[in-house]
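Okay, so here's the structure we're looking at.
Chain A is the first sequence line, chain B the second, and so forth, proteins listed ahead of strands; every chain is numbered from 1. Worth knowing before you read on, the calculation uses all heavy atoms, side chains too, and leaves out hydrogens, waters and symmetry mates.
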Amino acid sequence: MVRVRFAPSPTGFLHIGSLRTALYNFLFARHHGGVCILRIEDTDRTRFVEGAIEEQINSLAWAGVTFDEGPHVGGNYGPYVQSERFDLYRTYGMQLVESGHAYYAFDTAEELDAMRVRQQAAGIAPKYDRSSMRNQYTLGEQETQRLLAEAAPHVIRLKVPLTADVRFHDEIRGDVVVAGREIDDQILLKSDGFPTYHLANVVDDHLMEITHVIRAEEWLPSTPKHVLLYEAFGWKAPTFAHVPLMLNPDRTKMSKRHGDVMVRDFAAKGYFPDALVNFVALCGWNPAEDREIYAMQELIDRFTLDRVHRAGAVFDYKKLEWMNAEYLRAKDCAALANALLPSLEAAGYTHREPTYVARVIELLRERVTFLHDITTFGDYLFGDTLAALDQATEASLQGDAALRAALAAFRDGLSDDILADADAFKGLAKASAEAAGLAMGKFMKPLRVVVTHRDVGADLHPTLQLLGAERCKSRLDAFLS
RNA sequence: GCACCGUUCGUCUAGAGGUUAGGACACCGCUCUUUCACAGCGGUAACACGGGUUCGAGUCCCGUACGGUGUACCA
């Protein structure tokens with residue numbers, strides 16, 4: 001049985017990169033009929049943000065990523081919040097001390113800083129120096145016990161075997177080998193008693209029977225420590241898969257400075273969740289087909305780890321926009337109308353009967369990226385108070401006698417019957433223009449401007465048809481008067 | 001600095017020794033459209049570099065360069 005987990009820390013909103021990691025876990029689990037687990041990694045109390053857990057779960061749910069086990073749904077492997085598993089980590093950490101795989105260290109932050117400064121000055125890699133710092137080995141058993149007895153602040157560190165290489169297989173990157181001498185004696189239990197990520201994730205992944213650890217590439221360098229921990233405990237390590245990072249245009253780790261990066265930002269901007277999921281799924285993975293649009297179930301059917309790309313992927317906002325527009329064009333207009341209704345009401349528009357709104361959407365959606373664009377793009381269809389025309393345009397239109405004559409003739413001939421028939425509409429427009437000695441091009445454009453106060457929009461005939469003869473006439477009258 | 005990972009059009013990618021190196025976004029044309037868009041058609045544009053291995057290398061090996069990540073009592 002495949003069991004995977006997405007393990008965010010509650011330090012803020014859900015990052016788009018985290019969404020993708022969660023999505024890959026979700027797709028992998030569903031593809032294999034396995035279990036997808038949400039685990040909260042809140043072992044750093046200083047970075048905890050109130051409400052972040054709920055916020056992240058909401059973003060995930062919005063995107064359609066759901067969990068079979070987690071703090072919000074329960075499960076047989078709980079609790080799913082690490083701070084509620086506090087005692088567990090101490091127990092396992094001590095087990096390692098007893099078996100000789102970990103040890104006590106008493107160094108202060110200042111002493112550690114000094115050590116690093118020394119090492120950098122000497123041109124060597126900053127790494128805990130087990131033989132010169134204040135720890136169980138340098139202090140001796142007696143002194144260690146004495147310090148512990150008087151409750152001196154201390155941490156538990158992993159005793160990394162210096163001689164052997166650590167090797168593991170990554171499903172995406174292949175075999176990875178790191179020399180033991182390169183690996184730091186990582187702190188396992190902090191002086192506040194909380195575990196570090198490294199201890200907690202290994203203990204929990206084992207206890208929760210996680211089979212595949214699918215996480216971001218930034219974890220690759222610390223994976224050897226985790227492998228060492230599994231070995232020290234005598235546990236079988238899960239299969240690792242480190243997915244590539246999502247990048248800024250300058251190829252650094254995706255961050256705020258280059259645009260929106262939080263899932264809620266994308267939602268607020270008007271992206272459809274299925275479009276965002278579709279896009280993000282294809283950012284670093286693809287099923288090798290000549291198509292781009294995939295529904296969630298289609299992603300599930302196709303998702304495999306061996307098709308995850310190895311290099312980081314620059315996040316292309318332009319392509320995301322294109323994809324959102326694709327979804328906008330494909331969705332059911334009645335449903336879209338329902339979704340648009342609240343903002344139409346908020347904007348105070350008068351014409352917002354659902355079937356009418358659906359027809360407006362049908363007419364205009366080919367021209368916009370977001371559903372809410374239609375609110376402003378089609379304002380002349382929803383309301384009868386038109387956007388102000390700029391002075392120069394107004395003046396030149398008003399000053400054109402031939403145009404006024406043509407518009408008047410058009411106005412007089414207009415009826416819903418005429419609008420119901422494309423040929424009849426065209427005939428009327430043509431007759432009106434010609435009678436005033438106007439070329440069609442000199443008539444149709446101004447007609448659009450006068451009726452909609454905009455120079456771009458959908459085809460004029462269906463637009464006027466949607467408006468109805470009455471509303472068209474009153475706008476023409478307003479101009480002519 | 002050191003460790004690890006990576007490198008195919010501007011971007012996302014296909015490619016698992018023999019391809020005119022394919023698709024998508026973006027960009028540029030043309031067609032359609034009495035507007036803008038959509039759509040259709042067409043175009044510009046890539047195997048980082050150097051050595052091997054091989055009859056043959058984008059594909060395999062080794063270097064180099066460049067980039068990223070990591071290097072915390074953060075995850």
Does anything in residues 182-201 of chain A pair up under salt bridge (charged side-chain N to carboxylate O under 4.0 Å, His left out), and if so which pairs, sequence neighbours excluded?
A:R45-A:D192, A:R130-A:D185

Does A:H309 have a side-chain nitrogen or oxygen under 4.0 Å from the phosphate oxygens OP1 or OP2 of B:A14?
yes

Check every strand shown and say whether A:A105 touches a base, only sugar-phosphate, or nothing at a heavy-atom separation below 4.0 Å.
nothing

Side-chain N or O of A:T223 closer than 4.0 Å to phosphate OP1/OP2 of B:C4:
no

Which residues in residues 82-93 of chain A have a heavy atom closer than 4.0 Å to any atom of RNA chain B?
none

Contact nearer the 5' end of RNA chain B, comparing A:A125 with A:V178
A:A125

Output yes when A:D274 and A:K331 qualify as a salt bridge under the 4.0 Å nitrogen-oxygen rule, no when they do not.
yes

Heavy-atom contacts, protein to nucleotides 37-50 of chain B, under 4.0 Å, summarised as B (base), S (sugar-phosphate only) or - (none) per nt, yield BSS-----------

Base, sugar-phosphate or nothing for A:V155? Non-hydrogen atoms, less than 4.0 Å.
base

Sugar-phosphate, base or nothing in reach of A:D42, heavy atoms under 4.0 Å:
nothing

What contact category does A:D455 fall into here, base, sugar-phosphate, or nothing, at under 4.0 angstrom with non-hydrogen atoms?
base

Taking the minimum atom-to-atom distance to the side chain of A:L112, which one of B:C73, B:C74, B:G10 wins?
B:C73

Reckon A:S191 touches a base, only the sugar-phosphate, or nothing at all at heavy-atom distances under 4.0 Å?
base

Suppose the criterion is salt bridge (charged side-chain N to carboxylate O under 4.0 Å, His left out): which pairs have a residue in residues 451-466 of chain A, not counting sequence neighbours?
A:D379-A:R454

Residue pairs, two or more places apart or on separate chains, that pass side-chain hydrogen bond (donor to acceptor under 3.5 Å, both in side chains) and touch residues 430-452 of chain A
none

Output every pair passing salt bridge (charged side-chain N to carboxylate O under 4.0 Å, His left out) with a member in residues 79-90 of chain A, not counting sequence neighbours, ordered by first then second residue.
A:R85-A:D204

Once each nucleotide of nucleotides 63-72 of chain B is scored for protein heavy atoms under 4.0 Å, what B/S/- sequence comes out, 5' to 3'?
-----SSSSS

Residue list, salt bridge (Lys or Arg N to Asp or Glu O under 4.0 Å) with A:R167, at least two apart or on another chain:
A:D165

State whether the distance check finds a donor on one side and an acceptor on the other, under 3.5 Å, for side chain A:K319 versus base B:A26.
no

Candidates B:U7, B:A75, B:A24 - which lies nearest the side chain of A:A311:
B:U7

Check every strand shown and say whether A:R173 touches a base, only sugar-phosphate, or nothing at a heavy-atom separation below 4.0 Å.
sugar-phosphate

Once salt bridge (Lys or Arg N to Asp or Glu O under 4.0 Å) is applied, do any residues pair with A:K256, and if so which ones, sequence neighbours excluded?
none

Contact class for A:R215 (heavy atom, under 4.0 Å): base, sugar-phosphate, or nothing?
nothing

Distance (rounded to the nearest 0.5 Å) between A:E292 CD and A:K319 NZ:
4.0 Å

Applying side-chain hydrogen bond (donor to acceptor under 3.5 Å, both in side chains) to A:S255 and not counting sequence neighbours gives A:N248

Kindly point out which of B:U35, B:G15, B:A75 is positioned nearest to the side chain of A:T196?
B:A75

Ignoring backbone atoms, test whether A:N286 places a side-chain nitrogen or oxygen under 4.0 Å from the OP1 or OP2 oxygen of B:A14.
yes

By nearest atom, which of the nucleotides B:C25, B:U13, B:G6 is closest to the A:R310 side chain?
B:G6

Candidates B:G23, B:C4, B:A26 - which lies nearest the side chain of A:V176
B:C4

Quick one: list whatever passes side-chain hydrogen bond (donor to acceptor under 3.5 Å, both in side chains) with A:D373, sequence neighbours left out.
none

I'd like to check the side-chain contact (heavy atoms from CB on, under 4.5 Å) partners of A:F86; sequence neighbours left out, ordered by chain and number.
A:F194

Closest heavy-atom pair, A:H198 versus A:L229, reported as atoms and distance to 0.1 Å, is O-CD1, 3.6 Å

